[in-house]
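Everything on this sheet refers to the single structure shown next.
The chains referred to below are lettered A, B, ... by the order of the sequence lines, with proteins before strands, and numbering in each begins at 1. Hydrogens, waters and symmetry mates play no part in the numbers below; they use all other heavy atoms, side chains included.
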Amino acid sequence: MAEASVMEKIVSLCKRRGFVYPASEIYGGIRGFWDYGPLGVLLKNNIRDSWWRDMVECPPIGPDGHPLDMVGLDSSIIQHPKTWEASGHLATFADPMRKCSKCGHFVRADHLWDMLATSSKWFDDLLQEFTPISGHIDTERLMRWAKTKGRKLAPNLALVRNPEVTLSWLATRVNGQPDVPVEMMEFTRHIATEQLNATGLQDPCPLCGAELGPSEPFKLMMESYAGLTQTPDNKVYLRPETAQGIFLQYKNIVDTTRVKVPFGVAQIGKSFRNEVTPRNFIFRSREFEQMEMEWFCHPDEARTWYEFWKTERMRWWKSLGVKEENLKLRDHAPDELSHYSKMTVDIEYKYPFTAPDFGELEGIAHRGEFDLTQHQKHSGQKLDYFDQELQLKLKEQGASPEEIKAKSRYVPNVIEPASGLTRAVLVLLCEGYTADPNRPSGEYMRFDPKMAPIKAGIFPLVNKDGMPEVAEKLYMDLRTKFMCEYDPKQSIGKRYARMDEIGTPYCITVDGETLKDQSVTIRERDTLQQQRVSLDKVDTYMTDRILK
RNA sequence: GCGGGCGUAGCUCAGUGGUAGAGCGUCACGUUGCCAACGUGAAUGUCGAGGGUUCGACCCCCUUCGCCCGCUCCA
């Protein structure tokens, strides 16, 4: 409960100070969409720029002591529809779902029996009355269950609504084949069926027991049309991930730049998903921004690179000022893996709304050769890689020409660290939010100085006696290097408090002494300490702390 | 999608079937010499939206949208 209210305070502060607003608010808002306000966009851009810098402009140092080979890309949001056929998104992002005829609950058609077995309260309870191993049916017990517990747990189950009918069918079934024990699935279908019609036996809703409707595709990709007519052949999809754009341009990048395997292609951009339940502020929204990098490497080295990126990405998050105890690596269980992945690890963060549990922040997936192979198949284009270095090496080792030919041409494997930029904004907001009853604002944002939207507030102590002139001059100098704000109005305490609330790490104040000795005070947000710094050292002071 | 809670000023929230309120914030002027000081003044809402009942609805009823929580879902 305390956690929930922390989240409420964060949401409220975000609105009040201009970090995040509900999208289309004057029309009542639109579910799953958010706008980033004046401070929010600064924060988001700082994270984005930091990622880009650390991935593309100044990539990590590899195991060989040299910087990794990395290039950037900005691909289109809309790609050829076949992209999503090849990637598997069209199939898996259109899960067959079945809707309950009574409570409206959606169940994935292929998960129904798992759901019944693992998370249906009424089904679990009913199991006490029927043992699938023996297949024995005790009509009286079932009748009693239907009239007591069943009424509460599964009010819409046929067995509960009309026990006589379903039990008599079951009896017929047993009499008809007395030697064969009734199987669980068959038993379940019988008790879920009130009226036998053309569709035959029914499947029950795991929640209320009513029969489920037919299986229909549930579209998780947003659709649009490219062209003047909205005909099926003009249908296009808004990308559900940025990654595919990279695979589509892989060949061009290999052909036109001088990258050699292993290398990476990084991209930042918007993605769209028809999330079933957008919730938890900007954690799960229908339009969001991703920072994805595809690392192309030799299949034999994929595992090593997977481990490398795991470590590297954790290090990066910590460099943004995220505390280690709030971060966690979690390996996906085999049955949880996406259709494309051989192994995946999530970097999770302890959000206020998941605490004490953690929620996803970034996924690092070993995609194997899945994507390139798929696009190779669907496009008919060769997407393999000819490794000249390996060829030379094999030649030196005295390999046969056949072996050299076979081994030096291969489809690279891919390691993908994919993180949510908008989720990163949320993490920094949560991480920075600090309640402090001892300061006037009552709360402040403890952003890492590098990430803070505003780096410094520049104030004249009072708005007269030559102070504003000096302060404004300082502002004009500093603004070319750092995002600064000049504010001559109102009491100094109020200005400090405002800066605390938006997480500005430094406040520089011009006072009476400045006019005598050319020094200012710099107030540090977290410690509230002030120190006098000579005017000509302010730039260095800031540079040391922000561009370190 | 289901169940529960909520929706009134930028924020937090009172409120009554009879022409809208507080605190904080914001703005202006004055004052002010280091942590939302003080004084004076000001702006702001079709009470989420649409419909209905009523002489009259922020209040009652219906519908809808959005937010939060639980279940479910989550490449």
Side-chain angles (χ1 to χ4, degrees), chain A residues 1 3-5 7-9 11-18 21-34 37 84 87-95 97-100 102-108 111 115 119-121 205-208 210 218 220-221 239-241 243-244 271-281 283-284 286 290 336-341 344 353 359-360 363 365 367 416 418 438-442 444 459-465 467 489-501 507 509-514 520-523 525 528 530:
Chain A
M1 207 56 223
E3 282 78 12
S5 75
M7 206 53 223
E8 278 167 24
K9 283 180 186 165
V11 173
S12 156
L13 187 144
C14 282
K15 170 80 185 290
R16 187 157 36 88
R17 305 256 73 147
Y21 306 123
S24 319
E25 200 185 10
I26 62 167
Y27 286 105
I30 173 163
R31 202 159 136 83
F33 298 89
W34 298 88
W84 311 111
S87 71
H89 287 91
L90 211 48
T92 56
F93 266 51
D95 292 329
M97 305 286 281
R98 299 182 67 178
K99 189 182 178 182
C100 171
K102 285 285 188 309
C103 71
H105 177 68
F106 276 98
V107 189
R108 260 182 72 164
H111 286 179
M115 293 274 312
S119 55
S120 167
K121 280 177 191 145
C205 166
L207 279 193
C208 74
F218 191 80
L220 292 165
M221 272 198 290
R239 65 180 176 202
E241 61 171 28
Q244 294 306 319
S271 294
F272 303 81
R273 288 176 202 178
N274 268 326
E275 293 290 354
V276 181
T277 316
R279 202 174 275 194
N280 288 322
F281 197 35
F283 179 75
R284 178 171 295 128
R286 288 179 167 151
Q290 291 185 301
E336 179 187 6
L337 290 174
S338 330
H339 61 277
Y340 52 71
S341 177
T344 298
F353 49 83
E360 191 193 355
R367 297 176 79 124
E416 173 197 77
N438 293 323
R439 61 175 80 200
S441 53
Y444 68 109
F459 315 135
L461 183 58
V462 286
N463 199 10
K464 60 176 186 185
D465 298 342
M467 293 181 212
K489 300 286 183 75
Q490 298 172 320
S491 78
I492 191 72
K494 190 176 255 190
R495 284 175 278 166
Y496 285 156
R498 261 200 292 249
M499 286 298 151
D500 279 353
E501 234 183 355
C507 288
T509 304
V510 170
D511 57 17
E513 280 186 54
T514 309
V520 292
T521 67
I522 301 186
R523 168 191 182 272
R525 178 195 63 205
L528 300 177
Q530 288 185 43

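Distances shorter than 4.0 Å separate none of the side-chain N or O atoms of Lys464(A) from OP1 or OP2 on rU31(B). Listed pair Gln490(A) / rC27(B) meets the phosphate criterion, a side-chain N or O lying under 4.0 Å from OP1 or OP2. Within the 4.0 Å cut-off from OP1 or OP2 of rC69(B), at least one side-chain nitrogen or oxygen of Asn280(A) is found.
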Show each protein N/O and nucleotides 6-9 of chain B N/O combination with a separation under 3.5 Å, one pair to a line.
none

Just the table, please: protein N/O against nucleotides 21-23 of chain B N/O, every pair under 3.5 Å.
none

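Listed by first residue number, the stems of RNA chain B with at least three Watson-Crick or G-U pairs below 3.5 Å are B:1-7 with B:65-71, B:10-13 with B:21-24, B:26-30 with B:38-42, B:48-52 with B:60-64.
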Its contact letters, B for base, S for sugar-phosphate only and - for none at protein heavy atoms under 4.0 Å, make nucleotides 34-41 of chain B read BBBB----
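Listed by chain and number, the residues in a side chain to side chain contact (heavy atoms under 4.5 Å, CB included) with Gln244(A) are Thr83(A), Trp84(A), Ser87(A), His89(A), Glu241(A), Phe247(A), Arg367(A), Asp371(A), His375(A) (sequence neighbours excluded). By the side chain to side chain contact (heavy atoms under 4.5 Å, CB included) test, Asp511(A) is found to be paired with Leu461(A), Glu513(A), Thr514(A), Thr521(A), Arg532(A), residues two or more places apart in sequence or in another chain being considered.
Atom-to-atom, CD1 of Ile26(A) to P of rU46(B) comes out at 11 Å; the value is rounded to the nearest Å. A straight line from CE of Met467(A) to C1' of rU32(B) spans 11 Å, rounded to a whole angstrom. Following rounding to the nearest Å, Arg31(A) (CZ) and rC65(B) (C1') show an atom-to-atom distance of 10 Å.
Under 3.5 Å, the side chains of Ser271(A) and Gln290(A) contain a donor-acceptor pair of N or O atoms.
With RNA chain B read from its 5' end, the first of the two nearest nucleotides for Ile30(A) and Val462(A) is the one closest to Val462(A). Between Gln290(A) and Pro278(A), it is Pro278(A) whose nearest contact on RNA chain B lies nearer the 5' terminus.
Across rC71(B) and rU26(B), the matching C1' atoms stand 42 Å from one another, rounded to whole Å.
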